[in-house]
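One structure is given here, and the rest of the page talks about it.
Throughout, a chain's letter reflects where its sequence line sits, starting with A, and its residues are numbered from 1.
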Protein chains: 2
Amino acid sequence: MQSELLKGTLQTIVLKLLSENGKMYGYEMTKKVKELTKGQFELTEGALYPTLHKLEAQGNLTAETVQIGKRLRKYYRLTESGEKETAAKISELEAFILGLQQIIQPKIA
Amino acid sequence: MQSELLKGTLQTIVLKLLSENGKMYGYEMTKKVKELTKGQFELTEGALYPTLHKLEAQGNLTAETVQIGKRLRKYYRLTESGEKETAAKISELEAFILGLQQIIQPKIA
DNA sequence: GTCTAATACATTGGTTTCTTATGTATTTTA
DNA sequence: TAAAATACATAAGAAACCAATGTATTAGAC
């Protein structure tokens with residue numbers, strides 16, 4: 001994701017996207033992230049697809065393949081445990097950001 | 001740093017600590033980070049020392065060894081290019097956090 | 001009409017970064 | 001006097017991502 005900072009945030013991002021949008025397919029996620037961050041984040045496919053497969057294997061997502069013309073599109077959505085995982089990961093990320101801010105903005109903290 | 005989220009932020013944290021405190025030694029940094037984050041972040045030595053050596057090799061830090069009793073203490077401080085690097089990395093981190101927030105708080109964005 | 005860009009999936013090899021474990025030695029505190 | 005804290009360090013391994021590559025379809029530009 002060309003930032004070196006993203007390590008560990010990708011799963012959280014994917015989960016959050018699905019919790020906001022109900023169901024999405026991989027390519028759509030790459031466009032959505034780019035749009036939301038005005039081009040700042042580029043979610044690469046080499047990172048995304050393995051992450052989706054892992055989240056699915058963990059039971060956090062289910063996949064449904066739809067045929068569009070002759071092309072396949074794989075829609076993902078959260079399972080129940082995926083919804084819990086999303087909430088947990090978002091909390092963790094928010095706490096992490098607060099922790100970071102205590103270090104990088106010591107005057108405000 | 002027991003969070004999986006820290007990947008890529010460690011250098012930035014070290015640089016920022018030094019820019020705030022002038023000079024510090026490794027062990028001191030681990031205590032400082034723990035104190036600033038009220039125990040939330042534990043900067044492990046296995047991550048810290050290689051990072052310090054790397055920053056030094058890159059010319060961002062200089063080291064000065066001081067003998068305290070029979071024990072050695074290695075003080076680090078920023079070089080001029082280290083100061084520039086600090087500013088750059090802090091900007092990058094802040095932009096990154098803003099980007100993240102656009103994804104995880106889409107209502108506010 | 002044809003060529004390029006966009007859509008849509010996927011894997012592989014390599015690098016970077018961190019964690020865990022381990023090691024050495026001194027000093028303070030209980 | 002024994003344990004905890006101080007203070008440095010390295011090594012092996014895992015996890016996560018990037019870049020490159022691959023296949024195939026579809027839309028749009030010229």
Side-chain angles (χ1 to χ4, degrees), chain A residues 1-15 17 23-35 39-58 60-61 63-76 89 92-93 96 99-100, chain B residues 1-15 17 23-35 39 41-58 61 63-76 89 92-93 96 99-100:
Chain A
M1 217 162 171
Q2 36 268 40
S3 169
E4 296 176 35
L5 294 169
L6 269 291
K7 309 263 171 168
T9 59
L10 185 50
Q11 281 199 12
T12 308
I13 288 171
V14 167
L15 291 169
L17 286 174
K23 68 173 184 179
M24 294 182 87
Y25 54 99
Y27 188 74
E28 189 184 8
M29 294 180 195
T30 68
K31 298 294 149 193
K32 190 70 177 179
V33 165
K34 195 168 184 178
E35 176 203 323
Q40 191 193 354
F41 292 177
E42 295 254 12
L43 215 178
T44 64
E45 294 172 298
L48 176 61
Y49 289 114
T51 296
L52 287 171
H53 300 160
K54 189 172 185 188
L55 285 169
E56 191 185 1
Q58 286 167 350
N60 292 310
L61 307 183
E64 177 200 1
T65 300
V66 176
Q67 188 144 8
I68 306 288
K70 280 177 189 169
R71 203 150 48 183
L72 295 179
R73 191 183 280 178
K74 229 168 139 179
Y75 280 100
Y76 291 92
K89 279 202 182 292
E92 195 194 335
L93 183 54
F96 169 68
L100 263 188
Chain B
M1 218 164 173
Q2 36 269 38
S3 170
E4 297 175 33
L5 294 169
L6 270 292
K7 309 263 172 166
T9 60
L10 185 49
Q11 282 199 10
T12 308
I13 288 171
V14 167
L15 291 169
L17 286 174
K23 68 173 183 179
M24 295 183 86
Y25 55 99
Y27 189 74
E28 189 183 8
M29 294 181 195
T30 67
K31 299 294 151 196
K32 190 71 177 178
V33 164
K34 196 170 183 176
E35 177 204 323
F41 291 178
E42 296 255 14
L43 213 177
T44 66
E45 294 172 297
L48 176 60
Y49 290 114
T51 296
L52 287 171
H53 300 159
K54 189 172 183 188
L55 285 169
E56 191 186 0
Q58 286 168 349
L61 308 182
E64 175 200 2
T65 300
V66 175
Q67 188 145 6
I68 306 290
K70 282 178 189 167
R71 204 149 48 182
L72 294 180
R73 191 182 278 176
K74 228 167 139 179
Y75 280 99
Y76 291 92
K89 278 202 184 291
E92 195 194 334
L93 183 53
F96 170 68
L100 264 187

* Please report, rounded to the nearest Å, how far the C1' atom of dT10(D) is from the CG atom of Leu48(B). => 14 Å

* **Contact under 4.0 Å: Tyr25(B) side-chain N or O vs dA7(D) OP1/OP2** => yes

* Short side-chain N/O contact from Lys31(A) to OP1 or OP2 of dA6(C), under 4.0 Å -> no

* Asked: How far apart are the C-alpha atoms of Leu52(B) and Met29(B), what are their side-chain angles, what is the distance that settles it, and do they pass the side chain to side chain contact (heavy atoms under 4.5 Å, CB included) test?
  -> CA-CA 11 Å; Leu52(B) 287 171; Met29(B) 294 181 195; 3.9 Å; yes

* Structure fact -> When rounded to whole Å, the CD to P distance for the pair Glu45(B) and dT17(C) reads 20 Å

* Atom pair OG1 (Thr30(A)) and OH (Tyr25(A)), whose distance is rounded to the nearest 0.5 Å -> 9.0 Å

* Structure fact -> Tyr75(A) atom OH is separated from dC9(C) atom P, nearest whole Å, by 9 Å

* Has the side chain of Arg71(B) got a donor or acceptor atom sitting under 3.5 Å from an opposite partner on the base of dT6(D)? -> yes

* Closest nucleotide of DNA chain D for Lys70(A) versus for Thr51(A): which of these residues is on the 5' side? -> Thr51(A)

* Asked: Hey, what do you get for NZ (Lys32(A)) to CD1 (Ile13(A)), rounding to the nearest 0.5 Å?
  -> 14.0 Å

* **Rounded interatomic separation in angstrom, taking CG from Leu10(A) and P from dC17(D)** => 5 Å

* Asked: Choosing from dA8(C), dC8(D), dC17(D), which nucleotide comes nearest the side chain of Arg73(A)?
  -> dA8(C)

* Atom pair distance, as rounded to whole Å: CG in Leu55(B) and P in dT17(C) -> 10 Å

* Between C1' of dT26(C) and CD1 of Ile68(B), the distance in whole Å -> 12 Å

* Considering just the side-chain nitrogens and oxygens of His53(B), establish if one lies under 4.0 Å of OP1 or OP2 belonging to dC8(D). => no

* Rounded to the nearest angstrom, tell me the gap between atom NZ in Lys32(B) and atom P in dT6(D). => 15 Å

* Taking OP1 and OP2 of dC9(C), is either one under 4.0 Å from a side-chain nitrogen or oxygen of Tyr49(A)? -> yes

* Counting any heavy atom closer than 4.0 Å, what does Gly26(A) reach on the DNA or RNA strands: base, sugar-phosphate only, or nothing? -> sugar-phosphate

* Between Tyr27(A) (OH) and dT26(D) (P), how many Å, whole number? -> 15 Å

* In Å and rounded to the nearest 0.5 Å, what is the OG1 to OH distance from Thr44(A) to Tyr49(A)? -> 10.5 Å

* Measure from the side chain of Pro50(A), starting at C-beta and using heavy atoms only, and say which of dT11(C), dC9(C), dC18(C) lies closest. => dT11(C)

* Asked: Are Arg73(B) and Tyr27(B) close enough, and set up right, to give a side chain to side chain contact (heavy atoms under 4.5 Å, CB included), and what steps lead you there?
  -> CA-CA 9 Å; Arg73(B) 191 182 278 176; Tyr27(B) 189 74; over 6 Å; no

